[in-house]
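Some notes on the structure that comes next.
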Amino acid sequence: GENVEQHPSTLSVQEGDSAVIKCTYSDSASNYFPWYKQELGKGPQLIIDIRSNVGEKKDQRIAVTLNKTAKHFSLHITETQPEDSAVYFCAASRGYSSASKIIFGSGTRLSIRP
Amino acid sequence: NAGVTQTPKFQVLKTGQSMTLQCAQDMNHNSMYWYRQDPGMGLRLIYYSASEGTTDKGEVPNGYNVSRLNKREFSLRLESAAPSQTSVYFCASPRGTENTGELFFGEGSRLTVL
């Protein structure tokens, strides 16, 4: 089955700098790669996703890149702000239908230093 | 519009006791998921249900049973709780009838097994 590895497990960056979180996946049939943000005491929330037919997607300060050949994808946050401090999860699945089994990485705790 | 509702939010059990975690969604989607979250291990899929009447094992199904009672409700049962099942449990479901891939999570159920 699918296995998703995520690095680093913790990341501390200066406010205003960029943060990068990387994930690799094992199932070459996976074609949907979402990223979730989890704030303290809450459930995870989707922040951005990418499908295998594109190599990059941007949404304001957040971008995700995908390399299907190497089976890895990354989250990039630019101009980091204090509210970016949270735990981030990557995930992978074969499609996004009702029957999709969505497998998550182990998470990255991002801290933004003032 | 509550989205995904889990009960209870907190529970303490003794080893060997049984309990059921309840989850209900009002987003009219076919699929529902149960995950557990442990420090350093991210979100691991326990069971999922693609539609009413069907359930499938995820990454860590041992020690759990599930019931998809109807389209709205998906319960997770621990027949004989063990300390290794101490965790935060999340129920999730996509929204609506369109398969966008986005999962909506409940607020979590924190379970401690002594």
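Below, read A as the first sequence line, B as the second, and so on, with proteins coming before strands; counting in each chain starts at 1. Bear in mind that the values here come from a model prediction, so they are computed numbers and not experimental data. Just so you know, these numbers use all the heavy atoms, side chains as well, and skip hydrogens, waters and symmetry mates.
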Specify which of Asp38(B), Leu103(B), Val88(B) makes the most heavy-atom pairs with chain A at under 4.5 Å. Leu103(B)
Can you confirm whether the side chains of Arg113(A) and Ser12(A) place a donor and an acceptor under 3.5 Å from each other? yes
Is any side-chain N of the basic residue among Lys101(A) and Asp56(B) closer than 4.0 Å to the acidic one's carboxylate O? no
Inter-residue atom distance Arg36(B).CZ - Leu45(B).CG, 0.5 Å rounding: 12.5 Å
Anything in residues 39-48 of chain A with a heavy-atom distance to chain B below 4.5 Å? Please list those residues in order. Gly41(A), Lys42(A), Gly43(A), Pro44(A), Leu46(A)
Side-chain heavy atoms of Cys91(B) within contact of Met32(B), under 4.5 Å: yes
Is it the side chain or the backbone of Lys57(B) that comes within 4.5 Å of chain A heavy atoms, both, or neither? backbone
Does the side chain of Arg68(B) pick up a donor-acceptor pair with the side chain of Thr54(B) at under 3.5 Å? no
Which donor-acceptor pairs under 3.5 Å do the side chains of residues 106-114 of chain B make with protein atoms, sequence neighbours left out?
from: Ser109(B); atom 1: OG; to: Gln6(B); atom 2: NE2; distance (Å): 3.1
from: Ser109(B); atom 1: OG; to: Pro8(B); atom 2: O; distance (Å): 2.7

Which atoms of Leu43(B) come close to chain A, meaning under 4.5 Å heavy atom to heavy atom: side chain ones, backbone ones, both, or neither? both
Is the ring centre of Phe104(A) less than 6.0 Å from the ring centre of Tyr35(B)? yes
